[in-house]
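Down below is the structure, laid out as structure tokens.
For the single chain, residues carry numbers from 1 onward in sequence order.
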Amino acid sequence: MRVPLIAGNWKMNTTVSEAVELVNQMRPELDRIDNVEKVICPPFVSLAAIKELLKGSTIKLGAQNLYFEEKGAYTGEISPSMVADLCQFVIIGHSERRQHFNETIEVVDKKVKAALEVGLTPILCIGESLEENEAGRTEEVLTRQISSPSDQKYYFGGLVLAYEPIWAIGTGRAATGKQANETIGFIRQRISQQHSMKAAQEVRVLYGGSVTADNIAEFVNQPEIDGALVGGASLKASEFLSIVKQTSEIKRVR
Ligand code: PGA
């Protein structure tokens, strides 16, 4: 059985004091929900303060990025161990990083490996652009994004994947539950071929892209979808709570 997971990607929003306030608003109720793994991913600068705040809480902490080198002359970068000191999860290869910061498949692969080496659980983001979708290239793009380009293989079942069609991110135009379920079914099939059947069964796959309290049920009602990576709606305490609560209720019934 795969444990459902809801992760909030706060992106480049919230100062430290705003982040602390948001956590204080969410924490009491989120802590009462037990059958969903709850992860929040605030900006780097807030992680240390929030780690303190979450002592004794069931809410887990994630970073939004890391660099793959362990230490040294990489001004401005954050190493895997630095992240592992504060967090259990790390978002890797978000489409905004692939697009604005030139993260290639090779770089993303190195980051996934580096994260696993220090015991972090990567939330690896994959997804096709509108152009690729319209050209019928979705499967080809996803296949490339889940094939580790180097020879050094790692166990894929230990990752969390977030299928985020780029055309659905921040646009208010989410995929349908059925569409996302079919695509995630395809992703599992490919993982089974490229990695192993065990990995395909164990890897948790989230949907991401314009998830709200109004549409979360449509996604988590689908058998292939294990939860969601939530952007905009994770910045409102009541909405994020509602998303986690609905996921807990729907996945409990199964
Ligand atoms: P969104 O972002 O929920 O605001 O569409 C999701 C994401 O980018 O992870």
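The closest side-chain heavy-atom distance from Tyr207 to Val220 is not below 4.5 Å. Lys110 has its side chain out of reach of Glu106: every pair of non-hydrogen atoms, C-beta onward, lies at least 4.5 Å apart. Using a 4.5 Å heavy-atom cutoff, the side chains of Gln25 and Leu22 are in contact. Annotation: side chain of Val112 is in contact with side chain of Leu159 (closest heavy-atom distance under 4.5 Å). Between Phe219 and Leu206, every side-chain heavy-atom pair lies at or beyond the 4.5 Å cut-off. The side-chain heavy atoms of Thr14 and Val20, taken from C-beta on, include no pair separated by under 4.5 Å. Taking 4.5 Å as the limit, some side-chain heavy atom of Ile191 sits within range of a side-chain heavy atom of Ile146. The shortest side-chain heavy-atom distance between Tyr163 and Ile225 does not fall under the 4.5 Å cut-off.
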Please list every donor-acceptor pair under 3.5 Å in which a side-chain atom of residues 228-240 meets a protein atom from a residue at least two apart or in another chain.
from: Ser234; atom 1: OG; to: Val230; atom 2: O; distance (Å): 3.2
from: Ser234; atom 1: OG; to: Gly231; atom 2: O; distance (Å): 2.7
from: Glu239; atom 1: OE2; to: Ala213; atom 2: N; distance (Å): 2.9

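By the ring-ring contact (aromatic ring centres under 6.0 Å, His included) test, Tyr74 pairs with Tyr67, sequence neighbours left out. Qualifying ring-ring contact (aromatic ring centres under 6.0 Å, His included) partners for Phe68, counting only residues two or more places apart in sequence or in other chains: none.
Comment: Arg188 engages Asp226 in a salt bridge, judged by a side-chain N to carboxylate O separation of less than 4.0 angstrom. Taking the charged nitrogens against the carboxylate oxygens, Glu103 and Arg98 have no contact shorter than 4.0 Å, which rules out a salt bridge. Salt bridge status for Lys178 with Glu218: absent, with no side-chain N to carboxylate O gap under 4.0 Å. One finds no salt bridge joining Glu128 and Arg137 here, because no Lys/Arg side-chain nitrogen approaches an Asp/Glu carboxylate oxygen to under 4.0 Å. We find that Glu139 and Arg190 are not joined by a salt bridge, their nearest charged nitrogen and carboxylate oxygen being 4.0 Å or further apart. With respect to the salt-bridge test (charged N to carboxylate O, under 4.0 angstrom), the residues Glu202 and Lys198 qualify.
A side-chain donor-acceptor contact under 3.5 Å links Glu164 and His94. For Ser242 and Gln246, the side-chain atoms include at least one donor-acceptor pair closer than 3.5 Å. There is a side-chain donor-acceptor pair under 3.5 Å between Asp109 and Tyr154.
Taking CD1 of Ile243 as the start and OG1 of Thr212 as the end, the distance is 6.5 Å to the nearest 0.5 Å. Note that NZ of Lys71 and OG of Ser81 are 8.5 Å apart. Values are rounded to the nearest 0.5 Å. Here Gln194 contributes atom CD and Ser147 contributes atom OG; the two are 4.0 Å apart, rounded to the nearest 0.5 Å. Put simply, CD on Glu131 and CH2 on Trp167 are 14.5 Å apart, with the number rounded to the nearest 0.5 Å. Rounding to the nearest 0.5 Å gives a distance of 12.0 Å between OG1 of Thr247 and NZ of Lys38. Atom CD of Gln99 is separated from atom CG of Asn102 by 10.0 Å, given to the nearest 0.5 angstrom.
With Ser248 as reference, Arg252 is the one residue of Lys251, Lys245, Arg252 to meet the side-chain hydrogen bond (donor to acceptor under 3.5 Å, both in side chains) rule.
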**Prompt:** Under the side chain to side chain contact (heavy atoms under 4.5 Å, CB included) criterion, do Leu120 and Cys87 qualify, and how do the steps go?
**Reply:** CA-CA 7 Å; Leu120 287 162; Cys87 299; 4.2 Å; yes
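Linking ILVMFWY residues whenever their side-chain heavy atoms come closer than 4.5 Å, directly or via other members, leaves Phe89 and Leu161 in distinct clusters. Put simply, Leu86 and Ile91 are part of two different groups of oily side chains (I, L, V, M, F, W, Y) that touch within less than 4.5 Å, one to the next. A single hydrophobic cluster is not seen to contain both Phe156 and Ile123; linkage of ILVMFWY side chains at heavy-atom distances under 4.5 Å, directly or through other members, places them apart. Under the 4.5 Å side-chain heavy-atom criterion for ILVMFWY residues, a single connected hydrophobic cluster contains both Leu116 and Met82.
Nearest heavy atoms, Ile169 versus Glu96: CG2-OE2, 3.7 Å.
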